[in-house]
Each structure stands twice: as structure tokens, then as C-alpha cells.
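See structure below.
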Amino acid sequence: MKIYKTKDYNDMSRKAASIISSQVILKPNCVLGLATGSSPIGTYKNLVEWYQQGDLDFSEVTTVNLDEYKGLPRDNDQSYYYFMNEHLFSKVNINKDRTFLPDGTESDSDAACRKYNETIHSVGGVDLQLLGLGHNGHIGFNEPADTFEKETHCVTLSERTIQANTRFFASEKDVPRQAYTMGIQTIMSARRILVVVSGEDKADAVKAAFFGPVTPKVPGSILQFHQDVILVADEAALSKCSELMA
Ligand code: GLP
């Protein structure tokens, strides 16, 4: 595992965007696994800027996102499709037919998950997977559990995640209780994984995920078993790991 400690969120975002941009430059038809949440917003902002300056070309890139709320259509401004469109897809020259997320409007969970697994397999897997980290150590929407779920599945969100995500909604009752998410095996199948984490409120989660025991109680801890993981985190997020990194 490579760890880059950055000064702050902006620094983290620039570093993460550099890693993604090198992937796109080296393999223009790569498959990027993308994430939502506050953590990657700055990363996308940098990628958009570099595209606008003519330094990046997304025309051959395919994307698969980690997750989507069950029940939200694409045009709902809280859906993850809407988020991706707002922060990246509508601002670069990506072919929208090659941007994939689970279908939040499919009420049959088995069908939605099966279809998304097929999509991920059909694009040939993920070259570079971008991840954020939840306060409880979740990745995608893989919540703490007794076992690691393998492929795309429907999850019931934990109370902590609902609380954390309430800030994006009008009120807590508007936060969907379920979501479709890539499973742990799918995430681990990515050829390279890039994790972005910022802020002191994530310090415990970073310590548990990257330096604690590997356990489904901290889903992100499985990343310790991946052979090509890059963690880009700011000083605040790494503030409880100084001795462990020495
Ligand atoms: C959300 C998303 C995750 C994200 C995480 C952290 O619930 N499903 O993909 O990485 O929580 O979000 P944030 O970056 O806003 O802290």
C-alpha cells in the first residue's frame, strides 16, 4: 500500500486527480470505477479543469460507479447519477453511453444487481477504482457486517450512514433507506484502487481500515489485502496513524 499524506483537502484532490489523469493518459480506453460523496468532489473539479485546458481526453473512457440509492431516478437531484453528471459527466467529453451506475429505479433488487454485475463484467473489469471511506469504515455502501458481500447487492443503510448523508437531503426522512452497491469482491477485483480521505472526523476510520485487523466489521479493512492500493489522505485524516506509519 502506498500512502500519500497531503496538507489538506485541496492538496488531496490534486494528488488524486493526478493519479486518475495518468491512468487516462496511459490507457485512454480505461475503465474507471467512480465514487460519490464529498471526498471526490475536488478530485473531479481538477479533472474537469485539466480537460478544459486540453490536457485530458475522456472520449474513450468507460466508467462504472460504486453505488446508487434504490428508488431514486436519474433526474432526482440526490441520485448518484445526478451527482456524477453534475460534477463530471456533463463537464467533460465522456460518451454518456459508457457511464454506468446501478439502476435505482429497478424495484426488483435481484434483477438490478444481476444486471449491474453483467455490466461490470462486460466492460472487462475496472482499471482504477476511486473510493471514499465512510465514518464506520464502509466502502461504496458496503456497511459493517458479519461477512463480506461479494458482488452487487442491495443494502439497508446503517443509522450512522443515514445520519452522515442527511446533510445532502432536505431532512433525514428523505434519505433512502436502501441502496445498490458493488460488492467487496468486485471492488477488490479492480486492478488498482485509489482511496481519498479528508478530515479529522475520518481519523478513526482511516486507522481502523488501514492499520487495524481485517474484518467485515470495518469493510474498508479488506483493502489491506489488495496488492495495488493508493491512499491519498490529508494530515487530519491521518492524524491518528503517525506512529503506525513511522
Ligand atoms: C457515502 C457513499 C460512499 C462514500 C462515503 C463517504 O455513503 N456511498 O461511496 O465514499 O459515504 O462519503 P463522504 O465522502 O461524503 O464522507
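Both ligands and their constituent atoms are indexed starting at 1 by order of listing. Residue indices begin at 1 and follow the sequence shown.
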Could you tell me whether Thr181 approaches ligand 1 through its side chain, its backbone, both or neither, with non-hydrogen atoms closer than 4.0 Å?
-> neither

Identity and separation of the nearest protein heavy atom to atom 4 (C) of ligand 1 = Thr36 O, 3.9 Å

Do other residues, nucleotides or ligands put more than 12 heavy atoms under 6.0 Å from the CD atom of Glu49?
-> yes

Could you find the nearest protein heavy atom to atom 5 (C) of ligand 1 and give me its residue, atom name and distance?
-> His138 NE2, 3.4 Å

Just going by heavy-atom distances, which of Tyr80, Tyr69, Phe83 is nearest to atom 2 (C) of ligand 1?
-> Tyr80

Heavy-atom gap Leu133 to ligand 1 smaller than 4.0 Å | yes

Pairing of Lys115 and Glu151 as salt bridge, 4.0 angstrom limit | no

Which of the atoms of ligand 1 are close to Ser39, meaning less than 4.0 Å from one of its heavy atoms?
-> 13 (P), 14 (O), 16 (O)

Is the number of heavy atoms from other residues, nucleotides or ligands under 6.0 Å of Asp174 CG greater than 12?
-> yes

If you measure from each heavy atom of Gly140 to ligand 1, is any distance below 4.0 Å?
-> yes

Note: ligand 1 atoms sitting under 4.0 Å from heavy atoms of Gly132 are 10 (O)

Side chain, backbone, both or neither: which part of Glu143 comes within less than 4.0 Å of ligand 1 when only heavy atoms are counted?
-> neither

Is Arg167 in contact with ligand 1, taking contact as a heavy-atom separation below 4.0 Å?
-> yes

Close aromatic pair by centroid cut-off 6.0 Å: Tyr69 and Phe169 = yes

Are any of the N/O atoms in His135 less than 3.5 Å from those in ligand 1?
-> no

Fit a plane to each ring of Phe83 and His87, take the angle between them on a 0 to 90° scale, and name the class: parallel (under 30°), tilted (30 to 60°) or perpendicular (over 60°).
-> tilted

Without hydrogens or angle criteria, can the side chains of Asn136 and Glu143 be said to hold a donor-acceptor pair below 3.5 Å?
-> yes

Presence of salt bridge, Asp204 and Lys240, under 4.0 angstrom | yes

Atoms of ligand 1, numbered as shown, that sit under 4.0 Å from any heavy atom of Phe141 = 7 (O), 8 (N)

Any chance CZ of Arg191 has more than 12 other-residue heavy atoms, nucleotides or ligands included, within less than 6.0 Å?
-> yes

Numbered in order shown, the ligand 1 atoms found under 4.0 Å of a heavy atom of Gly37 are 14 (O), 15 (O)

Might you confirm whether atom CD of Gln53 has over 12 heavy atoms from other residues, nucleotides or ligands at distances under 6.0 Å?
-> yes

